[in-house]
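The sequence lines fix the lettering, A, B, ..., with proteins before strands; numbering per chain opens at 1. These values consider heavy atoms only, across backbone and side chains, with no hydrogens, waters or symmetry-generated copies.
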Amino acid sequence: MCGRFVLTATTEAIQQTFDLDSVPTSMLPRYNIAPTQPVGVITNDHPRQLTFQRWGLIPSWAKDPAIGNTLINARSETVEEKPAFRSAFKRRRCLIPADGFYEWKKDGKEKKPVFVHLKDNELFAFAGLWEVWHSPDGSEVQTCTILTTDPNPLMSQLHHRMAVILPKEDYSVWLDKDAPPDVLKALLQPYDENRMAFYEVSKVVNSPYNDSAECIVPLTAPPTQTPML
DNA sequence: CCAGACGTTGTT
DNA sequence: GTCTGG
DNA sequence: CCAGACGTTGTT
DNA sequence: GTCTGG
């Protein structure tokens, strides 16, 4: 699952990693990207540009755009069939750059936020789909969603689903409009657990209004009893 | 034929 | 409890 | 994903 | 837009 993520890489790093022609001149580091907010995407339409779309896919036929608030993820096993996603799966795929994401690990009644990242804090990309919705006022809204799959053993400690992270060698196929559906589906696998790690963070991240470096600071271990001597 | 749904997560 | 908004 | 609202009247 | 249910 993925309901919050992080993108702090410099524009230069994003440009290099995704082989882009240009990137926005000034991008602030984001430590707490939440659903409904604009997220940077690289679409099949403009594979050499970083553009921004609202997170939470609104199907083109939706009457109420609020449905987008819930469609922040799409099960990769069923994207080919589900009415909300199938046309996007055929024609509108994207990469969503990130350097990490959050999960909330259940511990009894408590939910402890955890920051998940790649080893060496490498920049990576979620597999995404995007869509265009025509609002009654005539404006166009571009939205996107992040695909999910089964968790690898590491991530299964946190959740029974995980976001699809694409290895670099798959970027071009995912954005190729002529790639056959079977080839595309085959890319939607759990990422290698040996290249991932996570640690607990403070509950500062819980509120989407908190978007600071504090969100990814490792939680300090509870003070241990000093031995009495 | 038209009307109405179309999704994810998690929880029970 | 359930929905909306970020 | 979590946080926060969730209603009416009237008044400023 | 397209499928399902009546």
Side-chain angles (χ1 to χ4, degrees), chain A residues 1-7 28-41 52-93 96 98-117 126-136 140-151 155-165 181 188 190 198-212 214-216 219:
Chain A
M1 244 310 287
C2 181
R4 275 330 152 76
F5 69 96
V6 172
L7 180 61
L28 293 173
R30 293 295 313 278
Y31 294 92
N32 197 358
I33 300 170
T36 72
Q37 296 179 356
V39 300
V41 299
F52 289 85
Q53 299 180 333
R54 179 188 164 105
W55 183 15
L57 188 145
I58 306 173
S60 60
W61 41 257
K63 288 185 194 76
D64 181 3
I67 191 176
N69 298 342
T70 61
L71 303 186
I72 63 171
N73 296 118
R75 294 177 63 88
S76 55
E77 296 89 340
T78 54
V79 280
E80 220 176 336
E81 297 86 34
K82 294 292 184 183
F85 302 125
R86 59 191 168 198
S87 65
F89 177 69
K90 270 188 224 148
R91 297 188 287 277
R92 289 177 296 278
R93 295 180 297 276
I96 303 177
D99 346 272
F101 58 94
Y102 301 98
E103 294 287 350
W104 278 261
K105 186 186 171 80
K106 267 190 259 169
D107 182 9
K109 282 180 190 170
E110 245 197 316
K111 293 171 97 173
K112 297 176 168 177
V114 158
F115 179 63
V116 186
H117 59 95
F126 293 120
L129 304 177
W130 63 281
E131 190 53 89
V132 181
W133 184 74
H134 295 271
S135 122
E140 246 186 25
V141 186
Q142 294 199 354
T143 60
C144 60
T145 192
I146 294 173
L147 300 188
T148 65
T149 186
D150 289 326
M155 296 303 296
S156 66
Q157 297 173 45
L158 304 176
H159 229 324
H160 66 103
R161 303 290 294 167
M162 78 178 280
V164 175
I165 295 172
L188 306 175
F198 66 78
Y199 56 80
E200 199 178 333
V201 293
S202 88
K203 289 186 176 166
V204 164
V205 71
N206 283 14
S207 171
Y209 292 99
N210 298 327
D211 186 6
S212 73
E214 202 183 338
C215 292
I216 61 167
L219 196 68

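- For A:F126 and B:dT8, the CZ to P distance is 18 Å, given to the nearest whole Å.
- For the salt bridge (Lys or Arg N to Asp or Glu O under 4.0 Å) condition, the pairs that include at least one residue of residues 61-77 of chain A, sequence neighbours left out, are A:E77-A:R161.
- Among the atoms of the strands shown, none is found under 4.0 Å from any heavy atom of A:F5.
- With B:dG7, C:dG6, D:dC1 as the candidates, the nucleotide lying closest to the side chain of A:A34 is C:dG6.
- The nucleotide whose nearest atom lies closest to any side-chain atom of A:T78 is, among D:dC1, B:dT9, B:dT8, B:dT8.
- As a whole-Å value, the separation of A:R91 CZ from E:dG1 P is 11 Å.
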>> Let's test your reading of the pairing rules: Watson-Crick or G-U wobble, both distances under 3.5 Å, then write DNA chain C as a dot-bracket string with ( ), [ ], | and dots.
In response: ||||||
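- Between C:dG6, B:dG7, B:dT9, one nucleotide has an atom nearer to the side chain of A:K82 than all others, and that is B:dG7.
- Nearest to the side chain of A:R75, among C:dG6, B:dT9, B:dT11, sits B:dT9.
- Taking atom CD1 on A:I146 and atom P on B:dT9, their separation rounds to 12 Å, with Å as the unit.
- Between the CG atom in A:L158 and the CD atom in A:E103 there is a gap of 6.0 Å [rounded to 0.5 Å].
- For the segment residues 56-72 of chain A, residues with any heavy atom less than 4.0 angstrom from an atom of DNA chain B are, sorted by number, A:W61, A:T70, A:L71.
- The shortest distance between the side-chain N/O atoms of A:K106 and the OP1/OP2 oxygens of B:dT11 is below 4.0 Å.
- Side-chain contact check for A:I33 versus A:Y102: every heavy-atom pair is 4.5 Å or farther apart.
- Nucleotides B:dA5 and C:dT4, compared at atom P, are 15 Å apart to the nearest Å.
- Residue-level contact check: A:S87 touches neither bases nor backbone, having no heavy atom under 4.0 Å from any strand.
- A:Q37 is linked by a side chain to side chain donor-acceptor pair (under 3.5 Å) to A:R30, counting only residues two or more places apart in sequence or in another chain.
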Donor-acceptor pairs under 3.5 angstrom involving side-chain atoms of residues 54-62 of chain A: please list them, not counting sequence neighbours.
residue : atom : partner : partner atom : Å
A:R54   : NH2  : A:N69   : OD1          : 3.4
A:W55   : NE1  : A:I72   : O            : 3.0

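- Here the side chain of A:S207 is nearest to one of B:dT9, D:dA3, B:dT8, namely D:dA3.
- Atoms OH (A:Y209) and C1' (D:dA5) sit 11 Å apart, rounded to a whole Å.
- The CH2 atom of A:W55 sits 12 Å away from the C1' atom of D:dC2 (whole-angstrom rounding).
- The same atom, P, is picked in D:dT9 and in B:dC1; the two are 46 Å apart, to the nearest Å.
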Donor-acceptor list for residues 84-91 of chain A side chains, cut-off 3.5 Å, not counting sequence neighbours:
residue : atom : partner : partner atom : Å
A:R86   : NH1  : A:E81   : O            : 3.1
A:S87   : OG   : A:R92   : NH2          : 3.0

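- At a threshold of 4.0 angstrom between heavy atoms, the contacts of A:F101 with the nucleic acid are absent.
- Contacts of A:K203 with the nucleic acid, taken as non-hydrogen atoms under 4.0 Å apart, are absent.
- Surrounding CD of A:E80 are more than 12 heavy atoms belonging to other residues, nucleotides or ligands, all under 6.0 Å away.
- For the pair A:R86 CZ and B:dT8 P, the computed distance is 12 Å after rounding to whole Å.
- Between A:Y199 and A:H117, the ring centre distance stays below 6.0 Å.
- The nearest whole Å value for the distance from the CG atom in A:N210 to the P atom in D:dA3 is 10 Å.
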